[in-house]
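We name chains A, B, ... by the order of the sequence lines, and we start the count at 1 in each one.
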Number of protein chains: 2
Amino acid sequence: MNPYNAIKNAIIIGEYEPGTRLTEEALAESLQVSRTPIRDAIKQLESDGLIIPYKRRGYIVKEFSIKDIRQIYNLRALLESHGASEAALNRTDEELERMREKNTAYEQAITKLERSDIETIKNIQQANQDFHEEIFKAAKNEHLRAHIAKLVVVPIIFRSFYWYNERQLLRSLEVHKTILKAIENQEPERAKIAMQEHIYQGRDDVLIQLNKPQIHLWKGEAIND
Amino acid sequence: MNPYNAIKNAIIIGEYEPGTRLTEEALAESLQVSRTPIRDAIKQLESDGLIIPYKRRGYIVKEFSIKDIRQIYNLRALLESHGASEAALNRTDEELERMREKNTAYEQAITKLERSDIETIKNIQQANQDFHEEIFKAAKNEHLRAHIAKLVVVPIIFRSFYWYNERQLLRSLEVHKTILKAIENQEPERAKIAMQEHIYQGRDDVLIQLNKPQIHLWKGEAIND
DNA sequence: CTCGAACTTATTGTATACAATAGGATATTT
DNA sequence: AAATATCCTATTGTATACAATAAGTTCGAG
């Protein structure tokens, strides 16, 4: 794993908690490489908005406020719904078929939920992302894709799926099917609205959890700490 | 000027034309620094989407197709109209006053239109950007601002204002006033629609020019940064 | 005891040498 | 002449030493 992914991963799993100070030297030591590749990684992470400069002496891991979360989800809603709309207009039959496959995989991922361990949650998260990405591919808009890519990291950090109960997962599956139907029928407005609603639901579920004062995110692989 | 801005500028003014191959060594030589700071700059420019990797051997300056232009303007429309809507909701009286000032400056910039004078065009471009930025400030959404910032470079490269005639400039001033009015009255939907229309007009003006086969972009001093 | 000047140190910025490697050129085989 | 293996070279990847500098710390003057 290259330094960029290694550091990003450490941030996502919570090994580097928000507010942690990162210096080139410490990162180089920890990843057993020189400062040069660390610098490259840092430049990218800064552009991703995952770390921010700290008094011209290194960086700190960005802390996301409730306001940040809301704004990021709202932007996702805006951009992804636009993507769904363009996908409905531009899709080919092959792309539609691939979306169906991804959503079937998603359905399978959420139905073996009984064993709610971390692997299962990762699978659900990945299957969901795969489905969404299939939609952007059909939209054939590389600029849109790049902007959305920058927005999805934060929801991953906050592990929306970790908090989902069975009802919420089934509901999200139903919305996926609605989106799929709209894209199949080439109804851009309907696809757009369904996607918008889908993201808003995810946003609200996360915000509800964050407003419960006693929650704490798991670190690394430990689920029942 | 640091390497990042120097290279970006060279791309904007057309010194490095689309398709030009850029190597670290050549850039280092040309800017009289070592490869290290060049690498930093390149990483940022790649994330900006202004250069793209070329066969794992350096980069080439991105060529924007008509499709790219359309997609980028459409994204701007989406995001900036969202910004205008949030500005209408969240603005303070002081922010409104500042928007008015920026638009007055814009009005002055376009009325002393001795035309085909590069300085005048730069002034118009800058005054317009200042007005738009004042709106995002009032929206108080840092994530939105960051995404829009990445989208405005391409329209600058294509120098929309260079092609504007007096009628088009006056029309854009009128739309600015409509946006302002909507934000003043705290009418988010109206602000949104007006901004959307404003960007679409800019898009169509540029696309019309690009469809005329004989156009050529001037090479000259950059706008600003 | 407060405030600013001077010193110290942690940390990034920059240059440069060398290593790794992909892509093109050249040679070899059929 | 086409396909394939081999070598060569341009170019990036990485390590490391040193320079620059900002932040914190000490010290001295009022």
So that I can tick it off, tell me whether [Y] and [X] are bridged by a salt bridge, with the cut-off set at under 4.0 angstrom between side-chain N and carboxylate O.
X: B:Glu95; Y: B:Arg98; result: no
X: B:Lys62; Y: B:Glu46; result: no
X: A:Glu184; Y: A:Arg100; result: yes

* **Nucleotide-resolved protein contact map, nucleotides 14-19 of chain C, B/S/- at heavy-atom distance under 4.0 Å** => BBB---

Starting at [atom1] of [X] and ending at [atom2] of [N], how long is that distance when rounded to a whole Å?
X: A:Leu22; N: C:dT11; atom1: CG; atom2: P; value: 12 Å
X: B:Leu27; N: D:dT11; atom1: CG; atom2: C1'; value: 13 Å
X: B:Lys43; N: D:dT12; atom1: NZ; atom2: P; value: 11 Å
X: B:Arg57; N: D:dA10; atom1: CZ; atom2: P; value: 11 Å
X: A:Ile38; N: C:dT12; atom1: CD1; atom2: P; value: 11 Å
X: A:Tyr54; N: C:dT11; atom1: OH; atom2: P; value: 11 Å

* **Contact list for residues 71-109 of chain A, test ring-ring contact (aromatic ring centres under 6.0 Å, His included), sequence neighbours left out** =>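 Only A:Tyr106-A:His176 qualify under ring-ring contact (aromatic ring centres under 6.0 Å, His included).
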
* What pairs of residues pass the ring-ring contact (aromatic ring centres under 6.0 Å, His included) test when at least one of them lies in residues 11-38 of chain B, not counting sequence neighbours? ->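 Listed once each, the pairs would be none.
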
* **Inter-residue atom distance A:Lys140.NZ - A:Glu86.CD, 0.5 Å rounding** =>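 Separation between the atoms: 10.0 Å.
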
* Has the side chain of A:Arg56 got a donor or acceptor that lies under 3.5 Å from a partner of the other kind on the base of D:dA22? ->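 Check fails, no donor-acceptor contact within cut-off.
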
* **Selection from C:dG23, C:dT12, C:dT11 that lies nearest to any side-chain heavy atom of B:Lys55** =>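 Of all the options, the side chain of B:Lys55 is nearest to C:dG23.
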
